[in-house]
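Here is the structure we will look at, set down as structure tokens.
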Amino acid sequence: MTKPFCWFTLLGLAVLLVSGCSRTPETRTDYSMGERVQVGQMTYVIVESAWRAQLGESFRVRSPEQRFLLIKISVTNGTGKDVSIPLLTLKGANGQTYSELSNGEGVDSWFGLLRTISPGQTQQGNMVFDVPLTSYKLRVPDVADAGLERYVSVQIPLRLDPDLPIQSPTAPGSLK
């Protein structure tokens, strides 16, 4: 009688030990536009995206090599120190990466080139990319921990927007 009791006791202890071990939750790495993306102590929200065939107005028109993709982003610094946000990258379905442009000429509410966010502050603006017309994943880094190469991805779906035509600065009949 003691042999079966010993086996049941050992089996019960094993079940308790295994069930008592806690699993670390898996960290999510893929998000959709509009979701709050927590990367370390930074919070990102990709608000919207828009495609443009050109930027600027009148005589200051900029044309892309491919197509301009504007991405409106909101970033909140949840750390206890100033944090610099680097230029971000897009990754295509074919694996090719595209860097954010460092020239924001013609972009309303440009997010900027040098972007340092103070603790507890939120900054919002538009980033600009020159990329082929397709869907992408925006790679968002954990900027608070420089020792880690940790990224999450935010899906930027292909959504075609009508471009507003550039208005001529003068009416055709006014040059007489």
Side-chain angles (χ1 to χ4, degrees), residues 25-57 60-146 148-167:
E26 290 186 31
T27 54
R28 188 171 165 196
T29 59
D30 288 310
Y31 294 85
S32 298
M33 258 180 38
E35 288 186 284
R36 290 176 55 87
V37 179
Q38 191 79 32
V39 186
Q41 295 181 11
M42 301 294 290
T43 303
Y44 299 83
V45 178
I46 307 307
V47 179
E48 63 185 357
S49 66
W51 290 95
R52 296 289 179 257
Q54 57 192 20
L55 296 173
E57 296 177 0
R60 299 189 65 119
V61 174
R62 263 177 84 186
S63 297
E65 289 180 25
Q66 305 280 327
R67 191 101 165 162
F68 287 121
L69 173 59
L70 302 177
I71 298 176
K72 184 180 235 176
I73 188 171
S74 174
V75 183
T76 302
N77 180 355
T79 70
K81 60 184 179 186
D82 287 352
V83 174
S84 294
I85 307 297
L87 294 177
L88 302 183
T89 58
L90 289 174
K91 187 173 182 180
N94 61 359
Q96 187 167 355
T97 58
Y98 301 90
S99 294
E100 179 183 352
L101 299 180
S102 60
N103 179 354
E105 186 178 337
V107 178
D108 292 333
S109 302
W110 184 43
F111 199 56
L113 182 59
L114 301 174
R115 39 201 186 198
T116 300
I117 304 175
S118 299
Q121 298 296 309
T122 299
Q123 184 173 330
Q124 184 170 320
N126 286 311
M127 300 178 300
V128 62
F129 296 86
D130 186 348
V131 293
L133 193 64
T134 188
S135 59
Y136 292 94
K137 286 187 176 186
L138 179 68
R139 295 184 65 200
V140 180
D142 184 352
V143 295
D145 191 355
L148 292 177
E149 287 280 331
R150 184 169 165 254
Y151 290 89
V152 298
S153 297
V154 179
Q155 183 67 40
I156 309 295
L158 175 60
R159 192 187 92 208
L160 297 177
D161 301 309
D163 271 329
L164 300 174
I166 299 280
Q167 298 295 322

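Side-chain atoms are counted along with the backbone in the values below, which use heavy atoms only and exclude waters and symmetry mates.
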Taking all heavy atoms of [X] and all of [Y], pick out the closest pair and write down the distance.
{"X": "Gln38", "Y": "Tyr31", "value": "O-OH, 4.3 Å"}
{"X": "Pro119", "Y": "Asp82", "value": "CD-OD1, 3.2 Å"}
{"X": "Val128", "Y": "Asn103", "value": "CG1-O, 3.8 Å"}
{"X": "Leu55", "Y": "Gly106", "value": "CB-O, 3.9 Å"}
{"X": "Leu87", "Y": "Leu101", "value": "CD2-O, 4.3 Å"}
{"X": "Gly34", "Y": "Val45", "value": "O-CG1, 4.1 Å"}

Test item: [X] side-chain N/O and [Y] main-chain N/O as donor-acceptor pair under 3.5 Å:
{"X": "Asp130", "Y": "Pro64", "result": "no"}
{"X": "Tyr44", "Y": "Pro141", "result": "yes"}
{"X": "Glu105", "Y": "Val107", "result": "no"}
{"X": "Glu100", "Y": "Leu88", "result": "yes"}
{"X": "Arg52", "Y": "Phe68", "result": "no"}
{"X": "Asn77", "Y": "Ile117", "result": "yes"}

Residue pair Ile46, Ile71: steps toward the side-chain contact (heavy atoms from CB on, under 4.5 Å) verdict: CA-CA 7 Å; Ile46 307 307; Ile71 298 176; 3.6 Å; yes

Kindly compute the distance separating [atom1] ([X]) from [atom2] ([Y]), expressed to the nearest 0.5 Å.
{"X": "Ser49", "Y": "Met33", "atom1": "OG", "atom2": "CE", "value": "4.0 Å"}
{"X": "Lys72", "Y": "Asp108", "atom1": "NZ", "atom2": "CG", "value": "9.5 Å"}
{"X": "Gln54", "Y": "Arg67", "atom1": "CD", "atom2": "CZ", "value": "9.5 Å"}
{"X": "Leu113", "Y": "Ile85", "atom1": "CG", "atom2": "CD1", "value": "13.0 Å"}
{"X": "Thr76", "Y": "Gln124", "atom1": "OG1", "atom2": "CD", "value": "9.5 Å"}
{"X": "Met127", "Y": "Leu69", "atom1": "CE", "atom2": "CG", "value": "8.5 Å"}

Cation-pi geometry met for Arg139 and Tyr151 (6.0 Å, 45°):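 Judged by the rule, Arg139 and Tyr151 form a cation-pi pair.
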
Derivation and outcome, side-chain contact (heavy atoms from CB on, under 4.5 Å), residues Met42 and Thr79: CA-CA 7 Å; Met42 301 294 290; Thr79 70; 4.2 Å; yes

Parallel, tilted or perpendicular, as decided by the 30° and 60° cut-offs, for the rings of Tyr136 and Tyr98: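 Rings of Tyr98 and Tyr136: perpendicular, over 60°.
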
